[in-house]
Amino acid sequence: MPRPGSAPRWAAAAGRWGCRLLALLLLLPAPSGGSEITFELPDNAKQCFYEDITQGTKCTLEFQVITGGHYDVDCRLEDPDGKVLYKEMKKQYDSFTFTASRNGTYKFCFSNEFSTFTHKTVYFDFQVGEDPPLFPSENRVSALTQMESACVSIHEALKSVIDYQTHFRLREAQGRSRAEDLNTRVAYWSVGEALILLVVSVGQVFLLKSFFSDKRTTTTRVGS
């Protein structure tokens, strides 16, 4: 039995874990350099993005078409000299990792020029470099403490959770777009069937009416 006026042991433990969780959230570093954008790509259009990268930096380009047409797009990546590092035609999604061979501005473009009337919604994630260490002195000779090791493990798990959530949101948006497109097609088909049925019904009514209508016959008498 706890003494009057004192908090139970589980409350004190919860308070300690709450403080540790708050400390962990404060220790989480900002994401590494890069861009994560969702944008509209009109038909017969091309959109390019530019990123300054230093030599030896590892980069990853990942993209996915969320809505529009057959959910495909052309993608092209060039280095500062104009050399093509990556080129794919009519891809729904893909990922490409490379290491910058020189300093300069790298260009990557998404093209919808092959489409004449459908616009696309494209998501891309361009990561430049790696995340900084959770602890600045992580490369020290001495081993990490148990608390620091737990923070590193939780930090890596949280990054994986963020990646999974991003992919699930993209799939949800793509599935919603497909469902709305299918619903629109079903609605148009239903309206067309109703119009065809109405025309056939009216035609049958007039056809049956013509069968039972009185036809006047004219007779001519010839005198003898």
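All residue numbers refer to positions in the sequence shown, counting from 1. Everything numeric in this text was worked out from a predicted model, so none of it was measured.
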**OP:** Output all residues satisfying ring-ring contact (aromatic ring centres under 6.0 Å, His included) with Y106, sequence neighbours left out; order by chain, then residue number.
**Re:** F98

Subject >> Residue pairs involving residues 166-211 (criterion disulfide bond (SG atoms under 2.5 Å apart); sequence neighbours excluded) >> reply: none

**OP:** Measure from the side-chain N and O atoms of Q55 to the backbone N and O of S101, and report whether any donor-acceptor pair falls under 3.5 Å.
**Re:** yes

Original post:
Are the aromatic rings of F124 and F49 close, with centres under 6.0 Å apart?
Top reply: yes

Using atom types as modelled, flag every donor-acceptor pair under 3.5 Å from a side chain in residues 114-122 to any protein atom, sequence neighbours excluded.
from : atom 1 : to   : atom 2 : distance (Å)
S115 : OG     : T118 : N      : 3.4
S115 : OG     : T118 : O      : 3.1
S115 : OG     : T118 : OG1    : 2.6
K120 : NZ     : D72  : O      : 2.7
K120 : NZ     : D72  : OD1    : 3.2
K120 : NZ     : N112 : OD1    : 3.0
T121 : OG1    : E40  : OE1    : 3.3
T121 : OG1    : E40  : OE2    : 3.1
T121 : OG1    : T67  : OG1    : 2.7

**OP:** Could you name each residue pair satisfying disulfide bond (SG atoms under 2.5 Å apart) that touches residues 167-209, not counting sequence neighbours?
**Re:** none

Anything under 3.5 Å between a donor and an acceptor, one on a side chain of residues 186-193, the other on a protein residue two or more places apart or in another chain? List them.
from : atom 1 : to   : atom 2 : distance (Å)
W189 : NE1    : E193 : OE2    : 2.7
S190 : OG     : V186 : O      : 2.8

Subject >> I162: side-chain contact (heavy atoms from CB on, under 4.5 Å) partners, not counting sequence neighbours >> reply: T166

**OP:** Compare every heavy atom of I66 with every heavy atom of Y71, then report the nearest pair and how far apart it is.
**Re:** CE2-O, 3.0 Å

Subject >> Pairing residues for D81 by the side chain to side chain donor-acceptor pair (under 3.5 Å) criterion, not counting sequence neighbours >> reply: R102

Subject >> P80 vs T105 side-chain heavy atoms within contact, under 4.5 Å >> reply: no

Under 3.5 Å, which donor-acceptor pairs do the side chains of residues 196-207 form with other protein atoms, sequence neighbours left out?
from : atom 1 : to   : atom 2 : distance (Å)
S201 : OG     : L197 : O      : 2.8

Subject >> Pairs where residues 60-110 contributes a residue and the test disulfide bond (SG atoms under 2.5 Å apart) is met, not counting sequence neighbours >> reply: C48-C109

Subject >> Listed partners of D74 passing salt bridge (charged side-chain N to carboxylate O under 4.0 Å, His left out), at least two apart >> reply: none

**OP:** Output every pair passing disulfide bond (SG atoms under 2.5 Å apart) with a member in residues 157-193, not counting sequence neighbours, ordered by first then second residue.
**Re:** none

Under 3.5 Å, which donor-acceptor pairs link side chains of residues 85-92 to any protein atom two or more places apart or in another chain?
from : atom 1 : to  : atom 2 : distance (Å)
Y86  : OH     : D94 : OD2    : 2.5
Q92  : NE2    : H70 : O      : 3.4

Subject >> Spacing of E113 atom CD and L41 atom CG [to the nearest 0.5 Å] >> reply: 9.0 Å

